[in-house]
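A short worksheet on the structure shown next.
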Protein chains: 2
Amino acid sequence: MLTLLTILTMGIAERKIRQKESVRCSILGEARKIVEQEGWQALSIRRIAEAIEYSVPVIYDHFANKEAIMLEFTREGYGLLVEELTKAKDQHPDPAAQIEAMAYAYWEFAFNNKAYYQLMYGLGMPSCDTVRQINELQAFSELIQAPITQLLSRSSKPDTNPFLKLHTFWSMLHGLVSINMMSGTTGGNEALNRQIIRDFIEGFTGSLRT
Amino acid sequence: MLTLLTILTMGIAERKIRQKESVRCSILGEARKIVEQEGWQALSIRRIAEAIEYSVPVIYDHFANKEAIMLEFTREGYGLLVEELTKAKDQHPDPAAQIEAMAYAYWEFAFNNKAYYQLMYGLGMPSCDTVRQINELQAFSELIQAPITQLLSRSSKPDTNPFLKLHTFWSMLHGLVSINMMSGTTGGNEALNRQIIRDFIEGFTGSLRT
DNA sequence: TAGAATAGTTAACAGCGTTAGCAAAAGTAA
DNA sequence: TTACTTTTGCTAACGCTGTTAACTATTCTA
């Protein structure tokens, strides 16, 4: 029965949900701070607990374990990446130009969000089989596959597997990024890398058009 | 003064060196076993100590820290890789065929020596700035750069930077491998990957020849 | 106001890399 | 053979880590 009391109670329940949500947010927020300032290796449950000014077990009320927290960031990372790629893509009508713009945007994203990227690709992290749990990956795939398919349909071999080309594109970029990231130097050889990307994009879009 | 006694003493010293060497070997040996059976995450100083039937501090008489042990394996890994690539290369006189053979050999190596590869590229490991300490990397670079340079010298643009092309080649392969490794499935989609490599090799050697 | 549910705590477990300090064994010299 | 020195290897600890059981104090319900 819906009495005045139950209505009041509902307000209280909602406040509690809000509070819980806010703790959850501050966990993620403080974790982000730590990671951005000191890298993934510095992130520990105890440090998060200290930062949010709660005791350690509170964190386990919001996340099953540390990996779940990291998975959240991985999701966030792919979301951000898709956002950036979309922005780059939308600035060009031509599919070849779109691919090129996205390649550069991908590269920019990786180095502007080093921490995210390293988590997303398990660079220096003990997390391997989390990839399957990321829905955002699909958005990412579709985004890149669209202009590829367009280019292929105009080519002399319109029945080429666009999925194959997508993987080629992705592999190349990720390889370049991860090798550069491991070498430590933020930019590596900035000029050389620009050249490599250009060289690759030319070869890639070329192979799509013929 | 070189008395009979000092000569005897020298034998003892040598035996001690041998013994020390043997402990060092068994550290690496047992570590290898653990890693191959359970992955890098399962490797701990305490587990090595238990396996070699010595106490923990003995390990620190042979290696400065855990990272030093891993560095040893990284070196070993690159050594093995160079070996495999050389074998593949030596079976073909034509530089284009050499590049192709090495690409496949690289792929094979990565999945036949998953543990090594993951260590070498920091996949799931907290070791980033160890790359610079690997001398074997140079051998690797030279091995691949040679046929690239050959192809380029015959092309219409013989002054193209071969170092650039080497990086393109390497990035592509590593990207493909690491994305596949993270997806968990050992082969992923074996047929698709074969196709991707072929597709890539074609585009790559093509771009070297024109 | 008494009882139930929730929130948040302390303290522990089992593991990690690393190292200081000590005991026993081995080698050296008289 | 005995006394001294060096080497060898050990125990035990420090300060971390992720995770959880058990408890208290607070808040809500009837």
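A note on names: the letters A, B, ... follow the listed sequences, proteins ahead of strands, and every chain is numbered from 1.
If you measure from atom CD of E67(B) to atom C1' of dT18(C), you get 14 Å, rounded to the nearest angstrom. Following rounding to the nearest Å, K66(B) (NZ) and dG15(C) (C1') show an atom-to-atom distance of 11 Å. Rounded to whole angstrom, the span from the CD1 atom of I27(A) across to the P atom of dG18(D) amounts to 13 Å. In this entry the distance linking CZ of R46(B) with P of dT11(D) reads 13 Å, nearest Å. Atom-to-atom, CD of Q19(B) to C1' of dT8(D) comes out at 10 Å; the value is rounded to the nearest Å. Distance, N65(B) CG to dG17(C) C1': 9 Å, rounded to whole Å. dT18(C) atom P lies 11 Å from atom CE of M70(B), rounded to whole Å. The separation between E21(A) atom CD and dA7(C) atom P is 14 Å, rounded to whole Å.
Side-chain proximity of S55(B) to dT18(C), dT11(D), dA12(C): nearest is dT11(D). Residue Y54(A) places its side chain closer to dG8(C) than to any other of dG8(C), dT18(C), dT19(D). Distances were taken from every side-chain heavy atom of R47(A) (C-beta onward) to each of dT17(D), dG18(D), dT18(C); the shortest belongs to dT17(D).
Side-chain atoms of K20(A) do not come within 3.5 Å of backbone N or O of D61(A) as any donor-acceptor pair. Looking only at distances, a side-chain donor or acceptor of K89(A) sits under 3.5 Å from a matching main-chain atom of L143(A). The backbone N or O of I48(A) sits nowhere less than 3.5 Å from a side-chain atom of E30(A) that would complete a donor-acceptor pair. Here the side chain of D199(B) pairs no donor or acceptor atom with the backbone of Q195(B) at under 3.5 angstrom.
The residues E84(A) and K87(A) are annotated as salt-bridged, a charged nitrogen and a carboxylate oxygen being separated by less than 4.0 angstrom.
Within residues 56-63 of chain B, the residues that have a heavy atom under 4.0 Å from DNA chain C are, in order of number, V56(B), P57(B), Y60(B).
Between F204(B) and F169(B), the two ring planes are tilted [angle within 30° to 60°].
For CD of E50(A), the number of neighbouring non-hydrogen atoms (other residues, nucleotides, ligands) closer than 6.0 Å is 12 at most.
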